[in-house]
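Quick notes on the structure that follows.
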Protein chains: 2
Amino acid sequence: MKRVSIKDIAQAVGVSTALVSYVLNNKEKEARVGQKIAEVIRLKAKELGYQPNQIAKSLKTGRSQTIGLIVADISNPFFANIARTIEDEAKKYNYTVIFGSSDEAADKSQNLINILLERQVDGFIIAPTEGSEEQIRSLQEQHIPFVLIDRYFPEISTNFVVTNNYQASYHAVKHLARSGRRKIAMIAYKSGLVHMKEREKGYLDALADSGMESGQGLVKEISYNFIQQEVGEVMGQLMKDHPDIDAFFFGSNALSMGGLRFLNRNNYRIPDDVSVVCFDESEAFDLFYAPLTFVNQPLLEMGKEAIRILAGQISDRAAALEQVFVDSALIVRTDK
Amino acid sequence: MKRVSIKDIAQAVGVSTALVSYVLNNKEKEARVGQKIAEVIRLKAKELGYQPNQIAKSLKTGRSQTIGLIVADISNPFFANIARTIEDEAKKYNYTVIFGSSDEAADKSQNLINILLERQVDGFIIAPTEGSEEQIRSLQEQHIPFVLIDRYFPEISTNFVVTNNYQASYHAVKHLARSGRRKIAMIAYKSGLVHMKEREKGYLDALADSGMESGQGLVKEISYNFIQQEVGEVMGQLMKDHPDIDAFFFGSNALSMGGLRFLNRNNYRIPDDVSVVCFDESEAFDLFYAPLTFVNQPLLEMGKEAIRILAGQISDRAAALEQVFVDSALIVRTDK
DNA sequence: ATTTGCGATTTAAACGATTAAGCCTATATT
DNA sequence: AATATAGGCTTAATCGTTTAAATCGCAAAT
């Protein structure tokens, strides 16, 4: 029950494998293949149910038509949605995607990169973890095409597609200020990565520009691995130290979930006791008793851009770097 | 800047590629390779930063160490979570996973299968769509290892890992009955697939066993592609026709989300106006004002089993079929 | 009549590995 | 001394493709 190869077709038709290859790759013109024999070959291929062996093809051509997608966690809705857009876009360019979750750990990320390199992926789309700078540099040195997504390293010039974290945060917090909040806390997660730093900076600057006291003591950072536990403790402490906090800005979807859960459990009413703005969307917001304002990231656009840039780099390694900042919109929800 | 191959190592050390291959694959014993030269080879490989070319390896061995995962939609939290467990489990068996979303469409599913076959995946894990029976049969005829997940076809004997849909539904609805609900409606989605049929059957039987009138008129089916629109219309109509409905049983996570949104929008209070039980979990439930009872599917176990079975089939194509029903538990939430 | 050119096809090397089989040499066995 | 055995290594075929180069008629041009 061997699969049928180009050789089988060649034998069945009585020609060389070269001819079959030319025809099946639509290179008849360039290779000057006869019209009638081309038809015969095509027919026979269909008849035998030929399916090209992409592995053999890859070995010969040096292109696997595969891209590696490395995210923090595919089960996180943000990344799952990104993955979906990337899947769809990749298909348009005839790429297939292999994914892996790094859990924000540099060693896992390195491990994934290695595995994917061994599989000869043509390029990567990576949401880089903290401490993965060297991995990224190494990809560059090896001239492996890649596009960073969601985060990037300012000190390394690479392709990337990220949201305008600073502005988005700034506007989000400004919105809270404008609606009369005077003591706004932020829950971020502990990370040296710019995306989080920028969100914090946007928050701080918005406070300053709104004539509020510095938010330094009001930004709390949570460890990625213990979000659900820590967020409660941290917010509890915050509220104890600053009973006059009247708003929270959550820096990611997971933080929002944890934070809102805490507020529910402790019977803080939104927006009467505290207002809330979340960075990133969640379908859970729809079920919340209060309308929630959030920063909406254009996932589809991010996926599209990432693939477009990556495809460009793959087909032309000398292509210019592209650094795309997409605009996230603040979706203001006040009434039902 | 070519990548280094086994040939480069062989040349650098001054031996044949065969020797290098034996050493790097830890076949020194069987191949009686000398101790010292083995060390030299290993060192040189490290020094040159050798990374095996899995593509070449695959071509020769006929094993790609890759599995194809086909789900309805990777952005759906249920499948995203499944994907994560499968990723982790697959890694333990040294497999890498390529995924694709079928959108419950048989043609897309077929297309994905073809693409993955061309890529020589060693096996599949598939959440089959309605109407994909022939595709599944065809895989069988080609002796391609696969495991169905979440759904299966009773008339085709295949490996599968599914939850005990009937029982889970039955218990869920029984629970509603026991807590005093007398008119329970179910929102399902339109599908000939057994998983949904079984959920409906469990619902109907639970009603009958609880001495309620037949639920026939109270099961409504929604098209997969228009869940969010239709669910509102359908539930609105239901409530109009049967103002005495006092509970809803939602057949999937997407249906639950849509349904709860509808109830919120129309100011039905839970559980005072109507009670609700959802099939499948959602992190959104945590933010809902009322505690929600739901059917919890053991995703980790499902992923583990699927990979275990698949790996078994790959290494021994004559392995016996395995049909696993995992137990979903009803998580009853009454108080905060 | 010879060359040129062109269309149609084949040849064969290559991609990077794996692996059965063969070839030495040196030591052990009889 | 002759033979067997084992250890250490190489040879070469192979996996299924792609593709540059070679080949081969045959008609047109000189």
Can you establish whether the number of heavy atoms outside Gln35(A) located under 6.0 Å from its atom CD is more than 12?
->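 No, not enclosed.
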Rounded distance (Å) that lies between atom [atom2] of [N] and atom [atom1] of [X]:
{"X": "Leu59(A)", "N": "dA17(C)", "atom1": "CG", "atom2": "P", "value": "9 Å"}
{"X": "Leu19(B)", "N": "dA20(C)", "atom1": "CG", "atom2": "P", "value": "15 Å"}
{"X": "Arg32(B)", "N": "dC23(C)", "atom1": "CZ", "atom2": "P", "value": "14 Å"}
{"X": "Leu117(A)", "N": "dG16(C)", "atom1": "CG", "atom2": "P", "value": "15 Å"}
{"X": "Asn25(A)", "N": "dT17(D)", "atom1": "CG", "atom2": "P", "value": "10 Å"}
{"X": "Tyr22(A)", "N": "dG7(C)", "atom1": "OH", "atom2": "P", "value": "15 Å"}
{"X": "Glu118(B)", "N": "dC15(D)", "atom1": "CD", "atom2": "P", "value": "20 Å"}
{"X": "Arg119(B)", "N": "dT17(D)", "atom1": "CZ", "atom2": "C1'", "value": "15 Å"}

Looking at the side chain of [X], which of [options] is the nearest nucleotide?
{"X": "Thr61(A)", "options": "dG16(D), dT10(C), dT18(D)", "result": "dT18(D)"}
{"X": "Lys60(A)", "options": "dT18(D), dT10(D), dT18(C)", "result": "dT18(D)"}
{"X": "Ile37(B)", "options": "dC15(C), dC9(D), dT11(C)", "result": "dC9(D)"}

Check whether any side-chain N or O of Ser21(B) sits under 4.0 Å from OP1 or OP2 of dT18(C), and answer yes or no.
->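 True: Ser21(B) side-chain N/O within range (under 4.0 Å) of dT18(C) OP1/OP2.
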dT19(C) phosphate, OP1 or OP2, under 4.0 Å from Lys27(B) side-chain N/O =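 So the side chain of Lys27(B) is within the cut-off, an N or O lying under 4.0 Å from OP1 or OP2 of dT19(C).
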Given Ser138(B), which of Gln135(B), Gln142(B), Glu141(B) fulfils the side chain to side chain donor-acceptor pair (under 3.5 Å) condition?
->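 Answer after filtering Gln135(B), Gln142(B), Glu141(B): Gln142(B).
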Any base atoms under 4.0 Å from [X], or only sugar-phosphate, or nothing? Heavy atoms, all strands.
{"X": "Ser16(A)", "result": "base"}
{"X": "Ser5(A)", "result": "sugar-phosphate"}
{"X": "Ile55(B)", "result": "nothing"}

Is the shortest side-chain N to carboxylate O distance from [X] to [Y] below 4.0 Å?
{"X": "Glu39(B)", "Y": "Lys36(B)", "result": "no"}
{"X": "Arg308(B)", "Y": "Glu89(B)", "result": "no"}
{"X": "Glu47(B)", "Y": "Lys44(B)", "result": "yes"}

